[in-house]
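Each remark here refers to the structure printed beneath this line.
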Number of protein chains: 2
Amino acid sequence: MQPTGPTTEVHELVKRRLAENGIRYTSGRRSVVTAIQMASGPRSTAELSQETTDDLPISSLYRTLAIFENAGILKRDHGPHGLARYELAEWLTGHHHHVVCIACGAIEDIEVSDKAESELHAIVSTLASLAGYRVLDHILEVEGVCEACDD
Amino acid sequence: MQPTGPTTEVHELVKRRLAENGIRYTSGRRSVVTAIQMASGPRSTAELSQETTDDLPISSLYRTLAIFENAGILKRDHGPHGLARYELAEWLTGHHHHVVCIACGAIEDIEVSDKAESELHAIVSTLASLAGYRVLDHILEVEGVCEACDD
DNA sequence: TTCCTTGCAAACGATTTGCATTGGA
DNA sequence: TCCAATGCAAATCGTTTGCAAGGAA
């Protein structure tokens with residue numbers, strides 16, 4: 001799940017990526033990356049606001065997230081209530097999918113076996129060609145009930 | 001894609017479902033269902049506001065959408081910018097997936113063959129059991145470029 | 001010095017809600 | 001009559017932005 005190696009390595013990669021665009025990797029920005037790295041799945045801005053060590057003002061948090069998204073460091077999606085959620089881009093974490101607990105809202109990263117992944121690709125490309133689309137990516141999300149929430 | 005038959009049939013099913021909960025199927029509500037039925041994929045509230053025949057005030061539109069969602073008639077998700085999008089629940093349309101054009105934002109329903117669907121189920125259940133989840137549903141979304149937007 | 005970054009407060013836009021009115025069974 | 005449905009305006013809430021101050025190269 002972390003083909004890029006240990007924690008510090010991600011910081012290095014992020015720093016380099018930002019530097020290429022003349023963007024500084026400040027301590028506030030570092031703490032956002034750390035917070036996201038600690039999580040086992042996408043994090044909402046509210047969560048990040050809390051989990052961020054220094055108490056980063058919310059406007060700075062949003063600005064940081066926007067910068068990271070533009071730089072291809074974070075990927076944004078939206079949770080069931082429409083709240084933005086962020087996770088590290090796949091070149092930093094590896095390709096994965098999500099399982100979501102509809103009871104407690106937990107969301108976890110899951111890796112798929114190579115065999116399953118190639119089957120998925122086959123399905124996806126068939127599906128896309130039917131609609132005349134050129135495939136760029138796919139998202140598979142499993143909705144279910146996690147162990148803790150299940151009776 | 002419409003195992004429930006022609007247009008009027010959906011209205012009947014919706015009406016019945018609402019009636020079971022003591023909720024009326026008024027003309028404003030009918031026009032929302034009609035607008036969603038016309039679409040080939042999920043619709044945003046802004047789109048629905050326009051596509052709705054009578055000019056339904058936004059507050060009523062939102063209230064209608066909330067009622068439909070609670071009654072299991074509509075399913076909500078969120079587009080790339082976090083805007084809410086609605087589509088008929090699968091018991092009204094049949095199980096399907098989406099292809100999304102990242103260039104123009106178009107989104108279309110796509111059906112998967114029975115064979116592909118059963119492969120998908122296998123992948124999904126393996127994946128979920130790894131995380132200790134009981135599977136309830138799955139979402140497969142293909143991101144790509146539609147014919148019109150492709151060079 | 002020159003830009004990038006930060007913080008605060010004000011602005012925004014989508015969605016929700018209070019309340020008085022209307023309308024259907 | 002009675003309760004659901006409606007319409008308007010005001011309120012919320014997440015997110016964005018303007019602007020002046022702070023900081024690194």
Side-chain angles (χ1 to χ4, degrees), chain A residues 11 14-36 42-71 73-87 105, chain B residues 11 14-36 42-71 73-87 105:
Chain A
H11 283 298
V14 170
K15 179 176 187 174
R16 197 173 312 155
R17 178 71 144 237
L18 290 177
E20 287 165 9
N21 297 291
I23 298 170
R24 295 182 198 138
Y25 196 35
T26 63
S27 67
R29 289 171 184 175
R30 233 176 248 280
S31 84
V32 170
V33 169
T34 299
I36 291 187
R43 304 305 268 162
S44 69
T45 51
E47 289 166 335
L48 289 175
S49 181
Q50 298 207 300
E51 294 159 6
T52 240
T53 57
D54 43 29
D55 67 311
L56 202 56
I58 207 146
S59 61
S60 294
L61 173 59
Y62 276 106
R63 273 196 267 241
T64 294
L65 293 172
I67 286 169
F68 283 168
E69 195 188 354
N70 290 335
I73 290 162
L74 295 183
K75 183 154 194 266
R76 177 174 76 195
D77 81 329
H78 292 273
H81 189 63
L83 298 183
R85 286 187 311 208
Y86 293 86
E87 62 185 332
Chain B
H11 283 298
V14 170
K15 180 176 186 174
R16 197 172 313 155
R17 178 74 145 236
L18 289 177
E20 286 165 10
N21 297 292
I23 298 170
R24 296 181 196 138
Y25 196 34
T26 62
S27 67
R29 291 172 182 175
R30 254 192 167 70
S31 84
V32 170
V33 168
T34 299
I36 291 186
R43 304 305 267 162
S44 70
T45 51
E47 289 167 335
L48 290 174
S49 180
Q50 297 208 301
E51 293 159 7
T52 242
T53 57
D54 42 30
D55 68 311
L56 203 56
I58 357 166
S59 61
S60 294
L61 173 58
Y62 278 106
R63 273 196 266 241
T64 294
L65 293 172
I67 286 169
F68 283 169
E69 195 188 355
N70 290 335
I73 290 162
L74 295 184
K75 182 151 195 269
R76 176 174 77 194
D77 81 328
H78 292 273
H81 189 62
L83 297 183
R85 286 185 312 208
Y86 293 86
E87 61 186 333

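None of these values were measured; they are calculated from a predicted model. The sequence lines fix the lettering, A, B, ..., with proteins before strands; numbering per chain opens at 1.
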Inset, instruction - Could you run through nucleotides 2-12 of chain D and give me one letter per nucleotide, 5' to 3': B if any protein heavy atom sits under 4.0 Å from the base, S if only the sugar-phosphate is that close, - if neither? - result: -BBSSBBB---
Legend entry - Where at least one partner belongs to residues 18-29 of chain B, residue pairs that pass side-chain hydrogen bond (donor to acceptor under 3.5 Å, both in side chains), sequence neighbours excluded: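 Passing the test, one end in residues 18-29 of chain B: B:H11-B:Y25.
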Legend entry - Inter-residue atom distance B:T52.OG1 - B:I58.CD1, 0.5 Å rounding: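 B:T52 OG1 to B:I58 CD1: 12.5 Å, rounded to 0.5 Å.
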Legend entry - Pairwise salt bridge (Lys or Arg N to Asp or Glu O under 4.0 Å) hits with a residue in residues 56-68 of chain A, at least two apart: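 Not a single pair qualifies under salt bridge (Lys or Arg N to Asp or Glu O under 4.0 Å).
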Inset, instruction - For C:dT15, take OP1 and OP2 only and decide whether either is under 4.0 Å from a side-chain N or O of B:T45. - result: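 Yes, within the criterion.
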Shortest non-hydrogen contact from [X] toward [Y]:
X     : Y     : value
B:L48 : B:A35 : CD2-CB, 4.0 Å
B:T45 : B:L61 : O-CD2, 3.5 Å
B:A71 : B:L18 : CB-CD2, 4.2 Å

Integer-rounded Å distance: [N] [atom2] and [X] [atom1]:
X     : N      : atom1 : atom2 : value
B:L61 : C:dT15 : CG    : P     : 9 Å
B:E47 : C:dT15 : CD    : P     : 12 Å
A:Y62 : C:dA11 : OH    : P     : 19 Å

With a cut-off of 3.5 Å and sequence neighbours excluded, list every side-chain donor-acceptor pair involving residues 76-86 of chain B.
unit_1 : atom_1 : unit_2 : atom_2 : d
B:R76  : NH2    : A:P80  : O      : 3.4
B:D77  : OD1    : B:R85  : NE     : 3.3
B:D77  : OD2    : B:R85  : NH2    : 2.9
B:H78  : ND1    : B:G82  : O      : 3.0
B:H78  : NE2    : A:P80  : O      : 3.1
B:H78  : NE2    : A:G82  : N      : 3.2

Inset, instruction - Could you list the residues that satisfy side chain to side chain contact (heavy atoms under 4.5 Å, CB included) with B:E47, not counting sequence neighbours? - result: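 Listed in chain order: B:R43, B:S44, B:E51.
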Inset, instruction - Specify the residues of residues 76-87 of chain A, ordered by number, for which at least one heavy atom lies under 4.0 angstrom from an atom of DNA chain D. - result: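 A:L83, A:A84 - these, ordered by number, are the residues of the stretch whose heavy atoms sit under 4.0 Å from the strand.
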